[in-house]
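Beneath this line is the structure, given in structure tokens, with notes to follow.
Only this structure's heavy atoms are used, side chains among them; waters, hydrogens and symmetry mates stay out.
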Amino acid sequence: MHLHLFRLLRVWAILAFSVALLSGCQPLQSAISVVSALDDIVGDGAPFANGSAPLMGALALPTPTPTPTPTPLTLLLPPVITQPPTPAPTPTLPTPTPTPEPLDGPITVALADSVPVQWGPALLARLNRIHQVETGVGLQPLYVLDRPETAQVRIDLRPVASASAPLAERIFAIAMPFATVRDDVSLDEVRAAWQGAEGSPTAYTSVETVALLRPILGDFAGVLTPQSQLLSAIESDPGALAILPFDQLDPRFKALTVDGVNVLSNRFDVRAYPLAVALDVSGRGASVVQPLLRDVILPYTNRDASRLTQLIMTGVTAMSRVTALRMDQKGYDYPSRVISDVFAAADITHISNEVPFLDDCVADPTENNLILCSHPNYWAALEALGTDIVGLSGNHVNDFGREGAIRSLTWYRENGIPYYGSGFNVNEACAPLLWEHHGNTFAFIAALAFWPEHAWATTDLPGACYYYDNRELLLALVRQLSEAVDIVSVELQHTETYEPYPIASQIADFRELRAAGADIVTGVQSHVPQAQEPYGVGDPGGPGIISYGLGNLFFDQMWSWETRTELAARHTIYNGRLLNTELLTMVLEDFAQPRWATPEERAEILNRIFRAAPLR
């Protein structure tokens with residue numbers, strides 16, 4: 001057939017396509033198929049010799065604009081130290097395809113009354129489009145019934161622990177305001193509050209939560225409150241409980257454990273948690289119906305473990321003086337033996353190490369000795385904690401001169417220990433450390449906002465990043481990073497005081513960093529626990545927290561109760577944002593070893609720092 005005839009046929013096909021498109025007709029595929037087939041026969045360049053324009057009257061479809069490749073972000077200070085490679089996961093065998101149930105005859109399905117109104121219509125719409133299902137003995141008809149008690153397959157809400165073929169799950173938290181001493185609540189107490197039992201605290205929750213938790217907790221007799229107003233409701237009603245979806249927490253709430261089970265934990269077992277509900281498919285035929293509905297309710301869960309990260313931030317570590325002496329006497333891991341299991345369980349464990357690691361360091365327990373170092377053997381205590389990152393913004397990093405700082409930094413590098421806050425020059429010292437875990441991205445920055453001057457890095461000498469000389473650069477870097485990563489964490493070695501109340505310049509500097517885009521601001525200078533300042537989703541800048549001071553971790557200050565008391569902040573990051581912060585409380589013993597605070601000690605520590613919170 002002559003090439004000219006191909007051209008005419010192609011024009012006819014394109015015109016037919018145009019008429020169909022303009023008239024709103026449905027059967028466009030035939031015209032498109034003809035054009036495609038003719039193009040295949042003639043070839044890519046044949047219809048129009050020498051690449052000439054289409055014949056007059058032909059429809060020239062626009063060439064799709066290619067998606068531009070994003071330009072990589074150039075940071076004001078590029079990272080110097082990088083995250084070690086994550087070990088490859090152990091390969092798992094593929095899950096075998098299940099054999100369909102051998103069902104003979106029609107399959108009937110119904111929605112139970114417990115299915116919430118926000119999910120029911122979508123489920124029915126999908127079921128009503130399905131007329132047959134594949135079973136072990138072939139295709140069988142499927143019928144949707146109105147009466148669940150007569151159906152073979154039933155879709156209902158039930159506790160996750162009793163679900164066999166779930167379509168979705170939702171996890172809920174019990175919360176009080178952040179400045180709350182109480183840590184745990186029993187399921188019986190929650191149920192009594194939910195049902196309005198006499199003498200129980202008031203329960204506040206949303207209409208949507210009531211619909212989902214009714215199968216577990218019964219009829220609701222608390223106060224229905226929009227999700228956005230839950231925090232203000234419980235803040236104005238001391239002792240009240242907020243019941244809300246896990247993913248709706250923010251740092252201004254304190255999530256309580258329920259019968260000892262922590263909904264924030266990265267070791268969380270959903271089947272052991274009483275406030276987890278599943279939309280479940282059950283009955284004869286559930287195995288063939290459930291796959292057909294699997295993508296109707298999305299996301300499957302509001303607590304995806306693969307998007308959760310726990311970060312522990314700590315205060316002062318200086319394994320020197322009497323702490324070092326005890327380590328030499330009782331073992332290099334002595335300081336960490338009581339608390340290591342909790343710290344090592346975190347996904348990212350942070351240490352703020354004030355002093356250099358030097359292989360000729362000798363323990364000097366002389367009272368008031370202020371020239372401090374640690375022997376590399378002492379790393380065993382930090383290794384036992386599962387230390388992942390080390391901030392080096394302390395004012396003792398150059399206690400053994402610039403040469404000692406070079407030796408210590410070289411030791412970190414040779415041992416593959418990620419650090420930030422110090423460097424061989426000021427640009428290295430101020431550079432961020434970038435990190436990733438479970439899809440959550442982090443940038444860590446540390447700076448020294450205190451004396452002595454010989455601890456500050458210069459253009460060609462090692463030391464810590466001095467905050468005030470580099471303030472504008474660091475603020476600009478924080479702004480830049482806040483657009484590039486999920487969580488910007490900045491720690492400052494600020495003015496040392498021995499009070500829980502932050503001083504005015506500390507408040508101003510920390511809040512300025514938050515205003516620039518820092519999600520977590522931590523004071524690592526204080527030798528006593530200081531005030532905490534959480535921010536929620538409704539606050540300017542969104543969720544975040546300022547920890548003005550955490551106190552000591554490993555340092556020998558046994559001379560007062562306040563210096564013996566310690567905090568660590570365990571931050572839960574979920575799906576790219578700071579979800580909640582837990583305060584871990586400890587007490588130093590024997591100049592070297594923290595233990596967990598008793599309930600009475602914990603209450604005293606928390607009340608002390610809550611009273612010290614500055615006005616906003």
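In this structure the side chain of Arg570 reaches within 4.5 angstrom of the side chain of Asn262, judged on heavy atoms. Using a 4.5 Å cut-off on side-chain heavy atoms (C-beta onward), Ile520 and Ile487 make contact.
Side-chain atoms of Ser232 and Gln229 form no donor-acceptor pair, as typed in the model, at a separation below 3.5 Å. Remark: the Tyr419 side chain and the Asn353 side chain contain no N/O donor-acceptor pair separated by less than 3.5 Å. At a cut-off of 3.5 Å, with distance as the only test, a side-chain donor of Thr581 or His571 sits close to an acceptor on the other residue. The closest side-chain donor-acceptor pair between Thr257 and Asp184 falls under 3.5 angstrom. Residues Thr441 and Asp486 bring a donor and an acceptor atom of their side chains to less than 3.5 Å of each other.
Using a 4.0 Å cut-off between a side-chain N of Lys or Arg and a carboxylate O of Asp or Glu, Arg577 and Asp250 do not qualify as a salt bridge. Taking a cutoff of 4.0 Å between a charged side-chain nitrogen and a carboxylate oxygen, Glu208 and Arg170 do not qualify as a salt bridge. In summary, Glu533 and Arg511 engage in a salt bridge, as defined by a charged side-chain N under 4.0 Å from a carboxylate O. Checked for salt-bridge contact, Lys254 and Asp183 meet the test: a charged N lies under 4.0 Å from a carboxylate O.
How far CD of Glu582 is from CZ of Phe178: 10.5 Å, rounded to the nearest 0.5 Å. Annotation: the span from Thr387 atom OG1 to Ile348 atom CD1 amounts to 12.5 Å, rounded to 0.5 Å.
Side-chain N or O atoms of Asn266 include none that pairs as donor or acceptor with a backbone N or O of Leu308 at under 3.5 Å.
For Arg271, the side chain to side chain donor-acceptor pair (under 3.5 Å) criterion is met by no residue, not counting sequence neighbours. The ring-ring contact (aromatic ring centres under 6.0 Å, His included) search around Phe268 returns Tyr273, not counting sequence neighbours. Evaluation of the side-chain contact (heavy atoms from CB on, under 4.5 Å) rule for Arg214 yields Val210, Asp219 as partners, not counting sequence neighbours.
The two residues Ile107 and Leu103 come nearest to each other via the heavy atoms CD1-CD1, 3.6 Å. Of all the heavy atoms in Thr108 and Ala151, the pair that sits closest is OG1-CA, 3.5 Å. The two residues Ser352 and Thr314 make their nearest non-hydrogen contact at N-OG1, 3.8 Å. In plain terms, the two heavy atoms of Ala168 and Ile297 that are nearest each other are CB-CG2, 3.7 Å. The two residues Ala211 and Leu157 come nearest to each other via the heavy atoms O-CD1, 3.7 Å. Summarising the geometry of Arg154 relative to Pro148, their closest heavy-atom pair is NH1-CB, 3.6 Å, with the distance given to 0.1 Å.
Considering Leu244, Thr205, Leu187, Ile243 as possible partners of Ile174, the one that fulfils the side chain to side chain contact (heavy atoms under 4.5 Å, CB included) test is Ile243.
Within a 6.0 Å sphere centred on CG of Asp146, heavy atoms belonging to other residues, nucleotides or ligands number 12 at most. Under a cut-off of 6.0 angstrom, the local environment of CZ in Arg147 is sparse, with at most 12 non-hydrogen atoms contributed by other residues, nucleotides or ligands. Environment of CG in Asp113: sparse, with no more than 12 heavy atoms of neighbouring residues, nucleotides or ligands closer than 6.0 Å.
A tilted orientation is assigned to the rings of Tyr420 and His350, their planes being inclined by 30° to 60°.
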